[in-house]
Amino acid sequence: MVINVHPIPVRHPEKAHKPDTPVLRKPDWIRVKAPTSPEVAETRRLMRELNLNTVCEEAACPNLGECWKQKHATVMILGAVCTRACAFCNVSTGKPGAVDHDEPEHVAEAVGKLGLHHVVITSVDRDDLDDGGASQFVKTIAAIRRSSPSTTVEILTPDFIRKPGAIEAVVSARPDVYNHNLETVPRLYPTIRPGARYFASLQLLAKVKELDPLMFTKSGLMVGLGEEKIEIMQVMDDLRAADVDFLTIGQYLQPTRKHAEVKSFVTPDEFAAYATIANAKGFLTVSASPLTRSSHHAGDDFARLKAAREAKMSRAEA
């Protein structure tokens, strides 16, 4: 009898030919506990039941256990296959499937069942779609507003390069926070984020503020990829020139040996120094630590963001 054994699909076929990269031993401050709580199991069950993806799982986030225990999950719309092949990212690369037209309502249902006060919606890059997936963001925001009007909505979008009208459409849906991550310094874009363009991402953030000056904007950086401190300072200045309100900085952790290697582990004291400098440059809110990620503590950070703006406006009126 012949048994047909189907090969296990390769998650990152575009990286299979690359040599293995070195793996540095993680320092004590970067270690996290395995996600084993009942809340983690329940959140995973709900996401599978509603045919939803989370960036927490797909990007192998080290904070999954902590966030899911508190019933915080970042939903990833437009499927789990990305059209880009960034050297740092664990999300699968390939040809995406059709857009799930029921997805916005499923996301809204998950928000309601989890009782979320603040939700983060992100997506894979969908360069195959005429609008880059912008309309799915709009529909998802609208669905959440209908079913959970008190829930604040934070979005983390792709760069929408060569997708005219996409940014305008998403801003018109009025998310509470518009996040787009620069990820790294411009010098490293060709190797770390080859499908993106640094100044296109900066222009997106500036465009959001131009369209709606009161909308909170946010961006994030990874460190430990070989960047220089002076380059991080320049990115901070570029973000402030785009009037970005909120900056996150976290340690890059390589998902596999086929991904970009960790060049260094930045110490907690160095993160604290980055936070001090960023605050001095005028960001309303800064989150900088080894395990900081874009949506980590997003609800609490949104509250801090609103309070910081109110305090700034009070000072200006005094």
Side-chain angles (χ1 to χ4, degrees), residues 38-59 61 64 67-83 91-92 94-160 163 165-180 208 211-212 215-216 218 293-296 298-299 302:
E39 292 85 356
V40 167
E42 172 60 17
T43 301
R44 183 172 285 117
R45 183 200 62 76
L46 178 62
M47 293 301 167
R48 298 299 83 79
E49 178 184 297
L50 295 173
N51 194 32
L52 296 175
N53 301 291
T54 69
V55 76
C56 321
E57 296 170 285
E58 299 300 328
C61 180
L64 185 151
C67 290
W68 284 22
K69 186 172 183 179
Q70 299 172 11
K71 291 195 172 183
H72 296 165
T74 298
V75 181
M76 189 171 75
I77 61 175
L78 293 164
V81 179
C82 188
T83 54
V91 174
S92 296
K95 183 179 180 180
V99 174
D100 179 359
H101 298 293
D102 294 325
E103 187 176 56
E105 295 299 333
H106 287 167
V107 173
E109 185 177 345
V111 169
K113 287 185 174 180
L114 288 171
L116 300 183
H117 299 294
H118 185 86
V119 62
V120 182
I121 308 297
T122 188
S123 80
V124 290
D125 278 283
R126 290 298 301 260
D127 297 309
D128 59 311
L129 301 176
D130 290 341
D131 68 350
S135 59
Q136 194 78 337
F137 274 97
V138 172
K139 292 171 185 175
T140 302
I141 294 167
I144 295 168
R145 297 285 193 225
R146 285 193 299 270
S147 64
S148 302
S150 63
T151 298
T152 48
V153 180
E154 179 173 330
I155 57 168
L156 170 56
T157 75
D159 53 24
F160 295 131
K163 305 297 180 183
I167 302 168
E168 289 86 348
V170 176
V171 171
S172 70
R174 299 191 59 78
D176 295 282
V177 182
Y178 195 124
N179 185 5
H180 175 68
V208 173
L211 293 167
D212 187 345
M215 186 169 289
F216 287 113
K218 178 177 176 181
R293 296 296 183 267
S294 289
S295 55
H296 192 211
F302 178 61

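- Taken from OG1 in Thr157 to CG in Asn179, the straight-line distance is 8.0 Å, to the nearest 0.5 Å.
- Ile121 is listed as a side-chain neighbour of Ile144, based on a closest heavy-atom distance under 4.5 Å.
- Taking OG of Ser150 as the start and CG of Leu116 as the end, the distance is 10.5 Å to the nearest 0.5 Å.
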Handout entry: Working for side chain to side chain contact (heavy atoms under 4.5 Å, CB included), residues Val124 and Val81
Key = CA-CA 7 Å; Val124 290; Val81 179; over 6 Å; no
Exercise for the section: Give the intermediate values and the outcome of side chain to side chain contact (heavy atoms under 4.5 Å, CB included) for residues His180 and Asp159. Expected result: CA-CA 7 Å; His180 175 68; Asp159 53 24; 3.6 Å; yes
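- Of the possible donor and acceptor atoms, one in the side chain of Lys163 sits under 3.5 Å from a partner among the backbone N and O of Asp127.
- Put simply, the side chain of Thr122 reaches to within 4.5 Å of the side chain of Met76, judged on heavy atoms.
- Few gaps surround CZ on Arg145; more than 12 heavy atoms of other groups in view lie less than 6.0 Å from it.
- Between Ser147 and Glu109, the closest side-chain pair of non-hydrogen atoms is not below 4.5 Å.
- Shown here for Ala80 and Val91, the closest heavy-atom pair between the two residues is O-CG1, 3.7 Å.
- Here the side chain of Thr74 pairs no donor or acceptor atom with the backbone of Val120 at under 3.5 angstrom.
- Among all heavy-atom pairs drawn from Ile141 and Ala173, the shortest one is CG2-O, 3.5 Å.
- Without hydrogens or angle criteria, Thr83 side chain to Asp125 main chain gives a donor-acceptor distance under 3.5 Å.
- Considering only heavy atoms from C-beta on, Asp212 stays 4.5 Å or farther from Tyr178 through its side chain.
- The main-chain N or O of His117 is found under 3.5 Å from a side-chain atom of Thr152 such that the two form a donor-acceptor pair.
- Judged purely by atom type and a 3.5 angstrom limit, Asp176 has no side-chain atom pairing as donor or acceptor with the backbone of Glu154.
- Residues passing the side-chain contact (heavy atoms from CB on, under 4.5 Å) test with Arg146 are Glu105, Ala142, Ala143, sequence neighbours excluded.
- In this structure, the salt bridge (Lys or Arg N to Asp or Glu O under 4.0 Å) partners of Asp128, at least two apart in sequence or on a different chain, are Arg126.
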Which side-chain N or O atoms in residues 97-104 pair as donor and acceptor under 3.5 Å with protein atoms at least two apart or in another chain?
unit_1, atom_1, unit_2, atom_2, d
Asp100, OD1, Asp102, N, 2.9
Glu103, OE1, Leu78, N, 2.9
Glu103, OE1, Gln136, NE2, 2.9
Glu103, OE2, Leu78, N, 3.2

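- Between Phe160 and Ala134, the shortest heavy-atom distance links the atoms CE2-N, 3.9 Å.
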